[in-house]
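Accompanying notes for the structure given below.
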Protein chains: 4
Amino acid sequence: MPKVSQAHRQMRQQQILEAAWRCFDRGGVQATTMQDIIAESGLSASAMYRYFEDKEALIVAAITASLGALGKLLQPIFDDVAIPGPAELATRIAQRVDAFVASPGYDLRAIAIQGWGEAQHNDDVRAAISGFYAGFRDRLAVRVRAWQKAGVVPRSARALDIANVIQAVVLGHVVQGAILGDVDAGRIVRGLDGF
Amino acid sequence: MPKVSQAHRQMRQQQILEAAWRCFDRGGVQATTMQDIIAESGLSASAMYRYFEDKEALIVAAITASLGALGKLLQPIFDDVAIPGPAELATRIAQRVDAFVASPGYDLRAIAIQGWGEAQHNDDVRAAISGFYAGFRDRLAVRVRAWQKAGVVPRSARALDIANVIQAVVLGHVVQGAILGDVDAGRIVRGLDGF
Amino acid sequence: MPKVSQAHRQMRQQQILEAAWRCFDRGGVQATTMQDIIAESGLSASAMYRYFEDKEALIVAAITASLGALGKLLQPIFDDVAIPGPAELATRIAQRVDAFVASPGYDLRAIAIQGWGEAQHNDDVRAAISGFYAGFRDRLAVRVRAWQKAGVVPRSARALDIANVIQAVVLGHVVQGAILGDVDAGRIVRGLDGF
Amino acid sequence: MPKVSQAHRQMRQQQILEAAWRCFDRGGVQATTMQDIIAESGLSASAMYRYFEDKEALIVAAITASLGALGKLLQPIFDDVAIPGPAELATRIAQRVDAFVASPGYDLRAIAIQGWGEAQHNDDVRAAISGFYAGFRDRLAVRVRAWQKAGVVPRSARALDIANVIQAVVLGHVVQGAILGDVDAGRIVRGLDGF
DNA sequence: GATGAATGAGTCTTCATTCAT
DNA sequence: AATGAATGAAGACTCATTCAT
C-alpha cells in the first residue's frame with residue numbers, strides 16, 4: 001500500500017511540476033495563476049493542493065526540481081575527460097544548455113532566470129539555487145585543478161577563481177541567449193581567445 | 001506654462017520611478033502592487049495614473065529608466081582610456097556595478113535580474129533591454145578594436161566575440177553576486193588569468 | 001448477524017459522536033470540518049458517511065446525544081429525596097454540571113452553549129433541545145410540588161414558575177461559568193438567600 | 001477633512017455592523033458568509049474590507065457593538081430608583097430585553113447567544129463579553145448594596161452573590177426565551193416568590 | 001465493506017483602476 | 001488638479017461529499 005501510493009504520489013508531483021514549468025516559461029512565475037497550472041496539469045484544484053501545500057511551495061518545488069533537471073543535463077560534461085581546458089568547458093556547458101532550450105515544452109533557461117528573480121525575495125528559492133550554483137562551481141574547480149596538475153592551466157590563478165569565471169561566462173551566456181537571442185555558444189571559445 | 005508643467009511632470013515621474021525601484025527591489029516586480037508604489041511615492045492613486053497609463057506602462061518605464069541609470073553609471077568607464085585590456089575592463093564594470101548595490105535604497109542588480117525575467121514575456125521590456133545590451137556590447141567592441149589596433153589584443157578573435165565574452169562575464173558576475181553573494185569583482189581578473 | 005451488526009453500528013456511532021464533541025468543544029460546531037471529526041475519530045471519510053448521512057445529521061445527532069448524556073448526569077439528583085428546597089436543588093444541579101466540565105476530553109457546557117446557538121437556525125436541533133429542557137423543567141416542577149405539599153415551599157407561587165426560575169438560574173450559571181469563569185456553584189444558594 | 005471622513009467612516013461601519021447583526025440573527029455567526037453581509041449591507045466586497053480587516057475582525061466588532069447596544073438598552077433600568085428589590089430588578093431587565101427581541105430587524109438575544117458560542121474559541125470575543133458581563137454584575141451589586149443599606153435586602157448574603165444570581169436568572173431567561181419560547185418575564189418575580 | 005484520492009462549488013480576500021467630490 | 005472611496009473581476013484556497021479500486 002505505501003509503495004503504490006508513494007509511486008503514485010511522485011508521478012502526480014512530477015506531472016504537476018512539468019505543468020508548472022510550462023506555465024512559468026510561458027507567462028512568468030508570479031503571473032502564473034494556480035488556475036493556469038491546474039488547467040495545464042489536467043487535475044482539479046483540490047487535487048493540486050493535495051500534492052503541494054500552497055502556491056509558494058509549488059514555486060519552490062518547481063524551481064528546485066528544475067535545478068535537478070539541469071544537473072542531470074550537465075552530468076555527462078563533468079564525466080567527459082576529453083575536454084582540454086576552461087574555455088572549451090564553458091563552451092560545452094553553454095552548448096548543452098542551448099540544446100535543451102525548448103525540447104520538452106519549456107525553456108530551462110527562462111525558468112532559471114525566473115528563479116533568479118524569485119530568489120531575490122524568497123529565501124527558500126535563494127537557498128536552493130545558491131546551494132546548487134555553489135556546488136556547480138566547486139565541481140568546475142575540481143576540473144580546473146586537474147588541468148593545473150597536468151600543466152594545461154597555469155598555477156598563477158586559484159582554481160576556484162577560474163571556476164568562478166567559467167560559471168560567470170555560462171550564466172552570462174544564458175542571459176544573452178534569453179535577451180539578445182545570440183545563442184551560438186561557439187562565440188565563447190572564440191571570444192576567450194582574445195584575452 | 002507648458003515648460004514648467006513639463007519639468008514638473010518629469011520630476012514627478014522620476015519620483016514615481018524611484019519609488020517603483022525600491023518596491024521592485026524589496027518584493028519583486030509582479031508581487032509589487034500599485035498600492036505599494038503609491039504609498040512609497042507619497043502620491044495618491046489617481047495622481048499615479050496621471051503619470052503612467054497603467055501598471056504595465058509603469059513597469060516598462062521603470063525597467064527602461066533603470067537601464068538609463070545603469071548606462072550613466074558605466075559611462076566613466078568607457079571614457080577611461082587607461083584600462084589596459086579586456087579582463088581589466090570586465091573587472092572595472094563589475095566593480096562599478098557592485099559599488100552601487102544598495103546606495104540609493106534599491107539594488108540595481110536586483111532590478112536588472114527582475115527585468116530579465118520580465119523580458120521573457122513582455123515584449124516592450126525585452127525590446128528595451130535587448131537594445132540596451134546590444135548597444136553596450138557594441139561599445140565594448142569599439143574598445144576591443146582599439147586594443148587590437150594597438151596590438152594589445154590578438155587579432156585572432158573577432159572584436160564582437162571578445163566583447164560578447166566581456167559582457168557575459170559581467171552579467172554572470174551580477175547573477176553570482178545576487179545569488180551567491182560573492183561580490184568581489186577582483187576575482188574576475190585573477191580568474192581570467194588562468195585561461 | 002443483524003444483532004452484532006447493530007451493536008457494532010451503535011459502538012461506531014458513539015465513537016464518532018465523542019470525536020465530534022471533542023472537536024466542537026475545541027473549535028466550535030460550524031468551524032469544525034468533517035475532516036477534523038474524521039481525523040479525531042480515526043475512521044476514514046467514507047466510513048463516516050456510512051454512519052451519518054451528512055454533516056447536519058451528525059451535528060443534530062451529536063447535540064441530541066449530548067443532551068442524553070446530560071440527562072444521565074443529572075438523574076441521581078432527581079432521585080435524591082434529601083434535597084431540602086429549590087435553592088439547594090439549583091445548586092446541586094449546577095455543582096454536578098461543573099464537576100463534569102472537562103472530564104472526558106470535552107466540556108459539556110461548551111457543547112450546550114454551541115447547541116443553543118445552533119438551535120437558532122436549525123429546527124431539528126431546536127426541537128431536540130426544546131423538548132429536553134421542557135421535560136427537565138417539568139421534572140423540577142414535580143419536585144417543587146412535593147415541597148409545596150410538604151409545606152416547605154409556599155403555595156403562593158405556581159410550581160412551574162418556580163421550576164422555571166430554578167432552571168434559569170442553572171442555565172445562567174452555565175453561561176457565567178463559560179464566559180466569566182466563576183464556577184463556584186455555592187454562590188447560588190448564598191445569593192438566593194438575599195431574595 | 002478628517003471630520004467628514006471620520007463621520008463617514010463611523011456611519012459606514014455602523015451600516016455594516018447592523019447588516020452583520022441581521023445576518024447573524026438569520027443564519028448564525030459562522031454560517032454567515034461575507035457575501036451575505038456584503039449583500040445585506042448594500043456595499044461591495046472591497047468597500048467592506050476597507051472598514052474591517054477580515055471576517056474575524058467584523059465578527060468581533062459586531063459582537064462587541066451588540067454589547068454596547070445592550071448596555072444602552074438597559075441603562076434606564078439602572079437609573080430607575082423606584083425598583084423595590086432583586087426580583088423586580090431581574091424581571092425588569094428581562095422584560096426590557098424581551099421588548100427588543102425583533103424590533104430593528106434582528107434579535108439581540110440570538111446575537112448574544114451566538115456571541116457566547118463564539119467566545120468559547122475566540123479570545124477577543126471572550127474578553128469583550130467577559131468584561132461586559134463582569135461590569136454588568138458589578139452594577140447590579142451596587143443596587144443590591146443600596147437595598148441592603150436601606151434594610152430591604154438582608155445582609156446575610158454578600159451583595160455580589162446576590163447580583164450573581166440576578167444575572168444568572170436574566171441570562172437563563174434569555175436562553176429559555178430563545179429555546180423554549182417562554183418569553184413572559186413576569187414568571188420570574190412570581191417564581192422567585194416561591195424561594 | 002472499506003479506503004483515500006478526487007471533485008466542483010463556494011469562501012475569503014486582493015487588486016488595478018475609476019469617479020464623484 | 002487632486003483626492004481617496006468605491007468597484008468588479010479574479011485569485012488562492014477549502015470543504016463536504018463521492019467513487020474507483
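Naming: A, B, ... by sequence-line order, numbering from 1 per chain.
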Checking side chain to side chain contact (heavy atoms under 4.5 Å, CB included) for the pair A:E53/A:L58: CA distance, chi angles, key distance, verdict?
CA-CA 7 Å; A:E53 181 119 357; A:L58 174 53; over 6 Å; no
List the steps, then state whether side chain to side chain contact (heavy atoms under 4.5 Å, CB included) holds for B:F132 with B:I129.
CA-CA 5 Å; B:F132 178 82; B:I129 300 184; 5.7 Å; no
Show your reasoning for whether side chain to side chain contact (heavy atoms under 4.5 Å, CB included) applies to B:E40 and B:R26.
CA-CA 11 Å; B:E40 180 75 29; B:R26 215 180 290 142; 2.8 Å; yes
Show, in sequence, the C-alpha distance, side-chain angles and deciding distance for C:Q10 and C:Q14, and conclude whether the side chain to side chain contact (heavy atoms under 4.5 Å, CB included) test is met.
CA-CA 6 Å; C:Q10 286 210 347; C:Q14 189 59 29; over 6 Å; no
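Minimum atom distance to the side chain of B:D54 is reached by E:dT17, of the listed E:dC12, E:dT17, E:dT7. With distances taken from any side-chain atom of C:K55 to the nucleotides E:dA16, F:dT17, F:dA6, the minimum falls on F:dT17. For A:A45, the side-chain atoms get nearest to F:dC13 when compared with the rest of F:dT7, E:dT11, F:dC13. Listed candidates were E:dT3, E:dA6, F:dA6. Nearest to the side chain of A:A47 is E:dA6.
Pairing for F:dT14 is with E:dA9, a Watson-Crick or G-U wobble pair whose two hydrogen-bonding atom distances lie under 3.5 Å. E:dT21 is paired with F:dA2 under the Watson-Crick or G-U wobble criterion, all donor-acceptor distances under 3.5 Å.
The nearest heavy atom of DNA chain F to C:E53 and to D:R50 marks one nucleotide each, and the one closer to the 5' end goes with D:R50. With DNA chain F read from its 5' end, the first of the two nearest nucleotides for C:T32 and B:R12 is the one closest to B:R12. Each of C:Y51 and B:M34 has a nearest nucleotide on DNA chain E; the 5'-most of these lies closest to C:Y51.
In terms of phosphate contacts, D:H8 brings a side-chain nitrogen or oxygen within less than 4.0 Å of OP1 or OP2 of F:dA6.
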